[in-house]
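One structure below.
Just so it is clear, the structure is predicted and the values come from calculations on it, not from any experiment.
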Amino acid sequence: MLRTKRMSQCSNNAKLMDLPVDVLINILLRLPVKSLCCTQCVSKTLLHIVEARSFATLVHLRLRNTASHTVAEVPQILLLTRSRANGNLTTILPSHRYDGNALRKNRQAIVSEFASSRYDYHVDFVFCNLFFFKDSEYGGPCFLFNPLRGEVLFPPTSNIQVPTYRIKKTFIDWYGMGFDNTTNTHKIVRVSGNAQYRLVAQVYVLGTSSWKEVRSVPPCNLGAKDVSAYGDMHWLINLSSEGGQIRIVSFDFKKDEFCWTPPPTLRKPDVSSSWLQLLNLRGSMAIVDVSSGTDIEIWVLRSYEKKEWVRDYYINIEMMVDGPQYLGQLSTSSGEWEHGIFIIEYRVNTINLFFVDIRSDSVKRISIGRGEYTRILSYTGSLISLKNYGYLAEAETGNWKNDFSKKSWQFE
């Protein structure tokens with residue numbers, strides 16, 4: 001009986017492999033990323049298809065085009081905890097999922113640890129499932145991190161001269177990442193300088209050996225609130241030259257140019273950006289507005305080409321038991337989960353997460369302990385593998401609390 005079952009499975013696999021490659025690829029493109037990762041164990045043919053850089057590009061194009069989503073990717077939640085151990089700064093990145101009641105660690109997750117005795121690394125931006133770390137204190141080398149595969153890649157050092165402060169020989173950097181669908185390449189943009197001196201912009205194409213300077217520079221300093229959407233990078237700012245009006249600066253990776261993206265008509269056009277959060281909601285750029293203090297408005301850019309914003313969600317939290325008593329107490333740091341968004345409230349010893357369910361206009365709060373530093377981020381899966389773009393940093397493998405696989409990197 002067991003032999004018959006195995007023969008039947010082999011027969012089914014053989015029939016699947018007998019399909020023309022283009023038909024097989026079309027079928028695979030309808031599967032979520034998690035299922036695609038599992039298919040690699042079925043046969044060498046599927047392994048080679050799914051591991052191919054060209055197939056990863058096709059999956060990314062599918063995820064970009066929200067109108068043609070066959071299967072929506074479920075956002076994952078990542079807790080970043082920092083602590084000083086043996087004089088080093090260590091970062092642990094376990095992957096979680098909110099199940100409606102609590103945050104659960106993914107059983108298949110790879111827990112990653114970074115330790116550096118010299119540099120102070122922070123997450124600068126998130127692109128799909130790639131996290132970009134930079135050292136904001138000492139100008140150390142930046143790197144990309146893929147938590148799904150446990151990969152670390154250091155882009156090449158730029159030789160382009162950037163402006164510095166005259167008193168302190170330092171400079172400020174903004175980074176962003178996007179996808180150029182005219183060349184099917186992933187790119188990173190870097191802007192250096194400050195408002196008093198010349199801004200310099202440069203672009204790095206993943207897989208190449210150097211950065212190149214681009215003529216286009218942003219019309220003003222950028223900010224810390226950014227998001228990747230529609231293949232481009234976007235920054236939310238208050239423009240002081242226009243009385244603190246809210247503006248969005250975007251970088252078009254197809255043209256390698258900065259441009260303005262008109263914001264929605266908010267209830268307070270000169271509201272401080274501290275009341276707003278920019279995020280990617282189901283593939284579209286969205287702005288979360290909590291400036292009233294008693295309700296949440298979510299504006300979604302439905303058409304990037306026509307720049308059409310729609311207020312898709314309005315949630316009053318005054319009568320909610322689990323909702324925050326006053327939204328002004330929140331940091332307006334937020335992210336996406338499977339059925340909506342979450343907003344974070346940082347306290348001395350705890351972090352409160354308010355999960356907003358946009359299906360039922362409800363809010364549920366959960367609390368987690370706070371270490372020396374904890375940041376909560378959301379990301380979506382993709383098949384992007386950093387090994388296709390250069391040599392990966394070597395890691396030590398082991399176990400974390402006897403439950404999870406662990407990879408560790410020791411930097412300078």
Side-chain angles (χ1 to χ4, degrees), residues 60-69 72 125-128 174-183 186-187 189 191 199 201 203 214-292 296-315 332 334-336 340-341 358 378 380:
H60 183 74
L61 290 172
R62 182 204 73 182
L63 296 175
R64 275 195 62 207
N65 187 3
T66 56
S68 64
H69 272 190
F125 68 75
V126 180
F127 176 83
C128 297
W174 297 278
Y175 289 87
M177 186 170 176
F179 181 76
D180 180 356
N181 61 6
T182 63
T183 58
H186 291 90
K187 298 179 178 180
V189 63
V191 179
L199 292 175
V203 169
V214 294
R215 293 184 177 182
S216 178
V217 295
C220 59
N221 274 1
L222 303 177
K225 295 193 173 183
D226 55 43
V227 70
S228 173
Y230 319 106
D232 294 340
M233 198 72 189
H234 315 271
W235 291 266
L236 183 70
I237 62 169
N238 280 112
L239 198 60
S240 57
S241 62
E242 296 185 8
Q245 296 283 311
I246 287 294
R247 292 289 183 267
I248 298 173
V249 179
S250 301
F251 185 77
D252 186 330
F253 282 95
K254 295 182 290 296
K255 300 178 180 179
D256 285 348
E257 290 180 354
F258 286 93
C259 59
W260 294 107
T261 295
T265 305
L266 302 173
R267 48 193 160 194
K268 299 177 182 178
D270 58 348
V271 63
S272 169
S273 59
S274 62
W275 293 95
L276 308 173
Q277 183 68 17
L278 202 61
L279 55 80
N280 189 312
L281 182 61
R282 298 179 175 177
S284 297
M285 180 161 61
I287 289 181
V288 180
D289 183 358
V290 297
S291 59
S292 74
I296 301 169
E297 287 188 349
I298 304 177
W299 291 82
V300 178
L301 184 59
R302 285 299 177 197
S303 173
Y304 187 43
E305 290 73 23
K306 298 179 181 179
K307 311 304 182 194
E308 293 178 351
W309 290 88
V310 178
R311 193 186 76 167
D312 269 4
Y313 308 101
Y314 172 85
I315 303 166
T332 67
S334 61
E336 182 188 16
I341 66 169
I358 57 179
S378 62
T380 54

Applying side-chain contact (heavy atoms from CB on, under 4.5 Å) between [X] and each of [options], report the one that passes.
X: Ile248; options: Leu236, Leu301, Asp226; answer: Leu236
X: Trp309; options: Thr265, Ile287, Leu266; answer: Ile287
X: Asn221; options: Leu199, Ile237, Val249; answer: Leu199

Less than 3.5 Å apart, any donor N or O on the side chain of Asn238 or Ser273 sitting next to an acceptor on the other?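 Yes - a donor-acceptor pair under 3.5 Å links their side chains.
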Between the main-chain N or O of Glu336 and the side-chain N or O of Ser378, is there a donor-acceptor pair closer than 3.5 Å?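 Yes; judged by distance alone, with no hydrogens or angles, the pair exists.
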Quick one, Val300 with Met285, criterion side-chain contact (heavy atoms from CB on, under 4.5 Å). Give me CA distance, side-chain angles, the key distance, then yes/no. CA-CA 6 Å; Val300 178; Met285 180 161 61; over 6 Å; no
Ion pair present between [X] and [Y], side-chain N to carboxylate O less than 4.0 angstrom?
X: Arg311; Y: Glu297; result: yes
X: Asp180; Y: Lys187; result: yes
X: Lys268; Y: Asp289; result: no

Measure the CG-CG distance between Leu281 and Asp312 for me, rounded to the nearest 0.5 Å.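 The CG atom of Asp312 is 8.0 Å from CG of Leu281, to the nearest 0.5 Å.
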Parallel, tilted or perpendicular: which fits the ring planes of Tyr230 and Tyr304, with parallel below 30° and perpendicular above 60°?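 Answer is parallel, since the angle falls under 30°.
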Give a yes or no on this: more than 12 heavy atoms of other residues, nucleotides or ligands lie within 6.0 Å of atom NZ of Lys307.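 Check passes, neighbour count above 12.
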Compute the ring centroids of Phe251 and Phe253, then answer whether they are less than 6.0 Å apart.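 When the ring centroids of Phe251 and Phe253 are compared, they turn out to be within the sub-6.0 Å range.
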